Amino acid sequence: MQKRSLCRVCVALCPVKVEIDAAGVPVSAKGDKDNSHSEGFFCAKGKYYPAMHRSDTRFLHSQKRMPDGELAAISSQAAIEEVAEKIQAIIDQHGPRAVAIYSGTLHYQASSTAAMASAWCNALGLKMLFSSGTIDQPGKQVAAAAHGHWLGGYFPFDECDAWLMLGSNPLVAISGGIPHANPGRRLKRAQKHGLKLVVVDPRRTETARQAALHIQPRPGTDPAILAGIIREIVDRDLCDREFLDRHVDGFERLCAYVKPYTPERVAAIADIPPQQVTEAAQLFAAADKAVCTAATGANMSGWSNINEYLVLCLNTVCGVYRQEGDKVSNHGVLTTRREFKAQAIPPYPIAGYGKPLRIRDYSPAVCGLPTSALADEILLQGEGQVKALITIGGNPMTAWPDQEKTFAALSSLELLVAVEPRQTPTTQLADYVLAPKLAFEKPETTLSTENLLSVGPAFGYTEPYGQYVPAIVDPPKGSDLLEDWEFFYGMAQQMVLQLTVRAGIFPIVGVQTPETEVDMVNKPDSEQVLDLVTKGSWVPLQALRDDPEKILFPEDVTVTAADAGWQARLDVGNEELLEDLESFGRGDKYAREGFDYRLISRRIPNSFNSCGTDTDGLRDRYMGNPAFMHPQDMLDKGLERGDVVIIQSPHNEVEAVAWPDKDLRRGLVSLSHGWGENPDGQGDVRRVGANSGRLMSVEVDCDRFSGIPLMSALPVKILPR
Ligand SMILES: Nc1nc2c(c(=O)[nH]1)N[C@H]1C(S)=C(S)[C@@H](COP(=O)(O)OP(=O)(O)OC[C@H]3O[C@@H](n4cnc5c(=O)[nH]c(N)nc54)[C@H](O)[C@@H]3O)O[C@H]1N2
Ligand SMILES: Nc1nc2c(c(=O)[nH]1)N[C@H]1C(S)=C(S)[C@@H](COP(=O)(O)OP(=O)(O)OC[C@H]3O[C@@H](n4cnc5c(=O)[nH]c(N)nc54)[C@H](O)[C@@H]3O)O[C@H]1N2
Ligand code: SF4
Ligand SMILES: [Mo]
């Protein structure tokens, strides 16, 4: 029997057709060719998603750590009661700051999880809330706060003539850069209509190969490239003067800061031909509709805030936004109904949103609390020490920078709870594992990906697309699993809390989303929770349930005039952030004597962070997560494909498997994350992979707002084993 669902490994949420056997077990999946939005697109991880449902490493029951040190099955209800009681006791004794939450990537992809977990945290007054966002692209929120927002929004990818991307590879990551569904086909189609793609990446990526212009710089030099492009646009008088005059402050200051970045200087810093700067500027400014975006590569290489800020400045200097009367073809389906107006939302403070952390002078910022500081907040004794951590849909032991410190911290906790469906390096340390149902076992909507439009121009859908899918299989026989949200609801009931659920996943700037008090006596069912998180949406969720064939919901929406008397302006002259450009210009502050290679971040097609790393068939595409190097660099070091090397950073070292990649610049090692065992593991690196986070320090070279450490362009040495 075949049933339709959505793959939920990554934000593409690809529509899939799942083959279910007579026993009700999902056996295989393929892309849904009948779906006009995705046109059958899916990937290897989606193919193996049914296998993840059946995996040997999956927990079929919640778990409790026993006195002998082993995990043992416990009923979901008992797990809820015991965890709730322990959390309450810790709060009673040490206050709410002793309890921290870490929300990982898979927390956001289930709309009910994010809504109910947030509601529970709010009801308890928890403030120590961390997420994978601050070890991802935190410069986005920082830059947006300094710059402001344009309520008319950006033109979607499909309508643009030029598209400039720094540090993203959407043809593999399927995340941002190019909108999620079927990015390859979308790109080809857009190019047929004349779109010029410019990619800035030290690696000739799958996406870069399709570009009209690929700039292949030294990693960590994006500030120079962006400043150079803006300078050229100003110099050649290619700015949108009218937009700047009417809606923007700080232009003169921006011009002064980018002035030193002549094409020749940029070329010297980034080691690229100077004419590429001019060419990129001309391609971008000549386009009728264009957008510049940056992703992880530009956020992890030491200059996240200034990179993301210059991206916004470039867009604003060229006035790329939708104006009054422009059609809004991607208005939304399941997010809260809203207006698009030709007006600015002014800048707001970057930080200072609450009580500071105890270490490294961090205070809550627009991007949230710095995850890189959480291990130290757990380890640092005294008043305010974090004693309990709940991780939801994340895997700190493979994802957090400085794996050894993370290991020490997580091992020392009084209580570690993981809401996690499978055995991971993190669950090896957990006191409780709350075992959730997996995707095919629960209903879902496309809300979470649609809501990503609040992250930036290349996120969310480019068309008014929405889908609802019901549960299509029962959980495995004999299992005792709940949906993620039910754990938080159950704990709230146990702790006698009133929960209030807010619609949506991430707030959308300028939009008031409806809130609803949850019935704490009669437990809602999953469908009712989905109704709460889509309350006030463009299209009522029930309409999607009633007609599953209908997936596009276009309405005639245009950008309206600004409110009468509206004065707010965008700011491209934020001195605090532009000072980073000044600091960048003083020389390579991250270089370390003797560390002659740079490790750069990347994604590989066969794993999604740590998902897939224990799935046969996905794991074995390479030997774990290899350390890609230029073939000539390997030759110079006498290395062959598959040889084990030691990658040493100023902070620590790991073993990794060398693998040739002619698409890299010389002098680089390109290593993906999410792999590797705990530091006490004994596994073969060729199977378990290398943990790149172990090389990173959370004490030096971290950003002052988000705490994101140097996770790309990291100086390393390559040594024989
Ligand atoms: N060195 C280095 N480190 C990095 C990065 C890098 O480039 N380099 N990238 C960073 C980035 S961008 C990110 S986003 C983070 C990722 O950091 P995390 O989000 O912490 O890591 P994931 O491996 O994505 O964890 C997702 C977990 O959710 C579990 N899961 C799957 N389905 C469900 C479900 O239905 N419910 C629940 N509760 N759990 C589920 C999976 O088994 C997995 O263990 O890593 C960051 N770390
Ligand atoms: N297959 C797969 N897909 C994924 C994930 C995965 O693990 N596997 N992870 C998901 C997650 S959590 C996220 S956040 C997204 C991220 O999505 P992307 O940000 O698109 O991630 P990557 O594919 O790693 O692309 C980053 C690119 O930055 C380049 N880079 C490294 N350093 C620099 C630099 O200093 N400057 C510039 N300009 N480029 C640099 C790298 O070579 C790489 O090609 O992907 C998501 N999708
Ligand atoms: S993992 Fe692959 S199939 Fe699944 S949603 Fe992402 S791109 Fe689609
Ligand atoms: Mo991420």
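Numbering of ligands and ligand atoms starts at 1, following listing order. For clarity, every value in this text was computed on a predicted model and none was experimentally measured.
Of all protein heavy atoms, the one closest to atom 34 (C) of ligand 1 is Asp484 OD1, 4.1 Å. From the protein, the heavy atom lying nearest to atom 10 (C) of ligand 1 is Ile135 O, 3.1 Å. Given atom 8 (Fe) of ligand 3, the protein heavy atom at minimum distance is Cys14 SG, 2.3 Å. If you check which protein heavy atom lies closest to atom 17 (O) of ligand 1, you get Ala399 CB, 3.1 Å. Protein heavy atom closest to atom 2 (Fe) of ligand 3, with residue, atom name and distance, is Cys43 SG, 2.3 Å. Looking only at protein heavy atoms, the nearest one to atom 3 (N) of ligand 1 is Met711 CE, 3.3 Å. Here the heavy atom of the protein found nearest to atom 16 (C) of ligand 1 is Asn609 ND2, 3.5 Å. Protein heavy atom at the shortest distance from atom 21 (O) of ligand 1 is Asn395 N, 3.6 Å. What sits closest to atom 8 (N) of ligand 1 on the protein, heavy atoms only, is His673 CB, 3.3 Å. Of the protein's non-hydrogen atoms, Cys10 SG, 2.3 Å is the one closest to atom 6 (Fe) of ligand 3. If you check which protein heavy atom lies closest to atom 43 (C) of ligand 1, you get Glu420 OE1, 3.4 Å.
A donor-acceptor contact shorter than 3.5 Å links the side chain of Thr426 to the backbone of Met397. Distance alone, capped at 3.5 Å, is enough to place a donor-acceptor pair between the Arg54 side chain and the Pro26 backbone. Distance alone, capped at 3.5 Å, is enough to place a donor-acceptor pair between the Thr207 side chain and the Leu171 backbone. With hydrogens and angles disregarded, a donor-acceptor distance shorter than 3.5 Å links the side chain of Thr446 to the backbone of Gln467.
Residue-level proximity to ligand 1 for Arg8 is absent, since no heavy atom of it falls below 4.0 angstrom. Under 4.0 Å from ligand 3, not a single heavy atom of Val11 appears. The part of Met300 lying near ligand 1 is the side chain, judged by heavy-atom distances below 4.0 Å. For Ser610, heavy-atom contacts with ligand 1 shorter than 4.0 Å involve the backbone as well as the side chain. In Tyr102, the part holding a heavy atom less than 4.0 Å from any atom of ligand 1 is the side chain. In Arg603, the part holding a heavy atom less than 4.0 Å from any atom of ligand 1 is the side chain.
A ring pair (Phe, Tyr, Trp, His ring centres under 6.0 Å) with Trp120 is found for one member of Phe488, Tyr489, Trp485 and no other, namely Phe488. With Thr462 as reference, Arg186 is the one residue of His180, His37, Arg186 to meet the side chain to side chain donor-acceptor pair (under 3.5 Å) rule.
Among the atoms of His180, no N, O or S atom falls under 2.8 Å of atom 6 (Fe) of ligand 3. Here Cys7 meets the criterion, with an N, O or S atom under 2.8 Å of atom 4 (Fe) of ligand 3.
Using a 4.0 angstrom heavy-atom cutoff, Lys442 counts as in contact with ligand 1. Using a 4.0 Å cutoff on heavy atoms, Gln109 does not count as a contact of ligand 1. Remark: distances from the non-hydrogen atoms of Cys611 to ligand 1 include one below 4.0 Å. Within the structure, ligand 1 lacks Ala110 among the residues with a heavy atom less than 4.0 angstrom away.
Within ligand 3, the atoms closer than 4.0 Å to a non-hydrogen atom of Phe42 are 3 (S), numbered from 1 in the order shown. Distances below 4.0 Å separate heavy atoms of Lys45 from the following atoms of ligand 3: 1 (S).
Using cut-offs of 30° and 60° on the angle between ring planes, the pair Trp659 and Tyr622 is perpendicular.
With ring centers used as reference points, Tyr432 lies 6.0 Å or more from Phe487.
The CD1 atom of Ile600 sits 12.0 Å away from the OG atom of Ser692 when rounded to the nearest 0.5 Å.
Across Gly393, Gly104, Pro421, heavy-atom proximity to atom 33 (C) of ligand 1 is greatest for Pro421.
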